[in-house]
Asks: 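Supplied in structure tokens, the structure appears directly below.
Naming convention: chains lettered A, B, ... in sequence-line order (proteins, then strands); numbering from 1 in each chain.
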2 protein chains.
Amino acid sequence: MSMGDARGRILFAAEELFSEHGFDAVSMNAIALRAGASKANVFHHFSTKNALYLAVLLRARQEAASHLRSLEHGNGPFARRLADFAGSHLARLLEQKQLSRLILRELLTIGPHRAQELAEHVFEENFRRFVLILRAGQGSGELRPDLDAAMVATILLGANVFFFEARTLLRHFRDVEFMEKPEQFTEMLVDILLHGIGPSPHPVRSRPLRGSGSRINRDTAAAARRNRK
Amino acid sequence: MSMGDARGRILFAAEELFSEHGFDAVSMNAIALRAGASKANVFHHFSTKNALYLAVLLRARQEAASHLRSLEHGNGPFARRLADFAGSHLARLLEQKQLSRLILRELLTIGPHRAQELAEHVFEENFRRFVLILRAGQGSGELRPDLDAAMVATILLGANVFFFEARTLLRHFRDVEFMEKPEQFTEMLVDILLHGIGPSPHPVRSRPLRGSGSRINRDTAAAARRNRK
DNA sequence: GAACCGACTGACCGATCGGTCAGTCGGGGA
DNA sequence: TCCCCGACTGACCGATCGGTCAGTCGGTTC
């Protein structure tokens, strides 16, 4: 929790508050209080409120980029890589929920100009990497070649993001039972995607992902977690 | 633009500003200016800033509920109903982007308590209605019975919401070509879902989803034919 | 006409906002 | 020893915040 230097504590407090309440709802005084510093000291380390916000955002981006870069381990079968990616991505959203919310908030606020910058410098690299995985799957015949790979990527990411951002809502729906089990969500998501994506004339449902029985393998998410560390 | 009474103009201005910048970033003065009224008059019609915000939010909810209720016309084949639902939902997100953003903003802010209220009073009804459509599809054999219907609903809604909220970003990605054509997005989405959802050995592929057998899915139709053999 | 109404306004309130400033303090280099 | 520098503070600034208030105005009712 408490980092040694005040600067770190300020950044941490700002990250918490900004992600929880948004930029305008958080005062520099509140940040200083939570960080255990004086307001003037906050301005000593960060020249303006906006500079502090940008510093927090920068950390979020770097964190996101570095983490997603670690997902490149993939040489296994396509289904496995897909499940790994989906599981890791969702797990990361949930683990770093403050940063995730921060970025989702940004998404709602930014205009076209900042969007382009954000797209090019931060997200496109990861998105493209994912798309390339999918294209590789198409090339090797493990994925329907007529599909738009970016489309598939969008669906998968969208499902994960929606799971994350609407989870406090979905949790209350009678029909929803998977909210407390992200791994199960990932598993079902990949199952659904695969059988829509699979190239074979018959759905590949009978073909096991990892050589176990006909049921969708229950431990892909666990495998993803294992692979990550 | 200009509605007759000042109260209406205030509500309209508030809706614009709140959805664009968020609650805390908008001052009552700004709302009054945009509405062409004095700040005191705004307080004459709405006792507090929060009351005004709630009034805007209430309108958004009612609007959302009434519109989704109009989607219940469904007696056609399952694939058609699914495409209709997805298409209408996405179209509505894009048409009413101010209200949509408003609600997405709320989702990021609310705590568990307000979430429950919001869930029960506004969204669950629509969500459940959609789930029932899916369950009906399962009952009539048009949809894989082993799937969690709520899960399928979440994926579809998530894809649409993500399309909406990330569209300023996605538009800049080289791999993404469908951002300017929501109908094409819906079509591909439903295609992917259907072939993952269809009952196992022979997926039900209803003919054209939308009235005209348009050029739209020459690729996907070809793939469907390929998959069938 | 008098009495009353809701719509509406400008001037004003205390609180809080982001940001500044002069100055205190402790540690390290000369 | 002196000096300097970065971390840090409390007191303070003008601007703006949400909200109040006394009062004006045009229309309706008796």
Asks: Check every atom of dA7(C), dC17(D), dC8(D) against the side chain of H45(B) and return the nucleotide holding the closest atom.
Replies: dA7(C)
Asks: Indicate yes or no: does E180(B) engage R171(B) in a salt bridge with an N to O separation below 4.0 Å.
Replies: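 Answer for the salt bridge query: yes.
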Asks: Return the value, rounded to whole Å, for the distance between atom CE of M28(A) and atom P of dA15(C).
Replies: 23 Å
Asks: Going by an N to O cut-off under 4.0 Å, is there a salt bridge joining E20(A) and R101(A)?
Replies: no
Asks: K39(B) or R7(B): which one's nearest nucleotide on DNA chain C is closer to the 5' end?
Replies: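 Closest to the 5' end, via its nearest nucleotide, is R7(B).
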Asks: Once you round it to whole Å, what is the distance between C1' of dG18(C) and CG of D24(B)?
Replies: 15 Å
Asks: How far apart are the closest heavy atoms of A153(B) and L134(B), and which atoms are they?
Replies: N-CD1, 3.7 Å
Asks: Any idea how F185(A) and F178(A) line up, ring-wise: parallel (<30°), tilted (30 to 60°), or perpendicular (>60°)?
Replies: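 Rings of F185(A) and F178(A): tilted, as their planes differ by 30° to 60°.
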Asks: Could you check how far CG of N50(A) sits from P of dC17(C), rounded to whole Å?
Replies: 17 Å
Asks: Where the side chain of A40(A) is defined as all heavy atoms beyond and including C-beta, which of dG10(D), dG18(C), dC8(D) is the nearest nucleotide?
Replies: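 Selected nucleotide: dG10(D).
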Asks: Does a side-chain N or O from S38(B) land closer than 4.0 Å to OP1 or OP2 of dC8(C), or not?
Replies: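 For dC8(C), OP1/OP2 do not have a side-chain N/O of S38(B) under 4.0 Å.
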Asks: Nearest whole angstrom, please: distance from the P of dA11(C) to the CZ of F43(B).
Replies: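 After rounding, the gap between these two atoms is 18 Å.
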Asks: Specify the separation, in whole Å, of atom CG of N29(B) and atom P of dC12(C).
Replies: 16 Å
Asks: What is the distance from NE2 of H44(A) to P of dG10(D), rounded to the nearest Å?
Replies: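 Value for this atom pair: 15 Å.
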Asks: Rounded to whole Å, how long is the line connecting atom CD1 of I31(B) with atom P of dC17(D)?
Replies: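 So the two atoms are 11 Å apart, to the nearest Å.
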Asks: Return the nearest nucleotide to the side chain of K49(B); candidates are dG18(C), dC8(D), dG19(D).
Replies: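 Nearest nucleotide to the side chain: dG19(D).
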Asks: If we ignore hydrogens and angles and just use 3.5 Å, is the side chain of T109(A) paired with the main-chain N or O of R105(A) as donor and acceptor?
Replies: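 Between the backbone of R105(A) and the side chain of T109(A) there is a qualifying donor-acceptor contact (under 3.5 Å).
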Asks: From the set dG18(C), dC17(D), dT9(C), return the single nucleotide nearest to any side-chain atom of A37(B).
Replies: dT9(C)
Asks: Side chain of N41(B): nearest nucleotide among dA7(D), dA7(C), dG19(C)?
Replies: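 The answer is dA7(C).
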Asks: What contact category does V42(A) fall into here, base, sugar-phosphate, or nothing, at under 4.0 angstrom with non-hydrogen atoms?
Replies: nothing
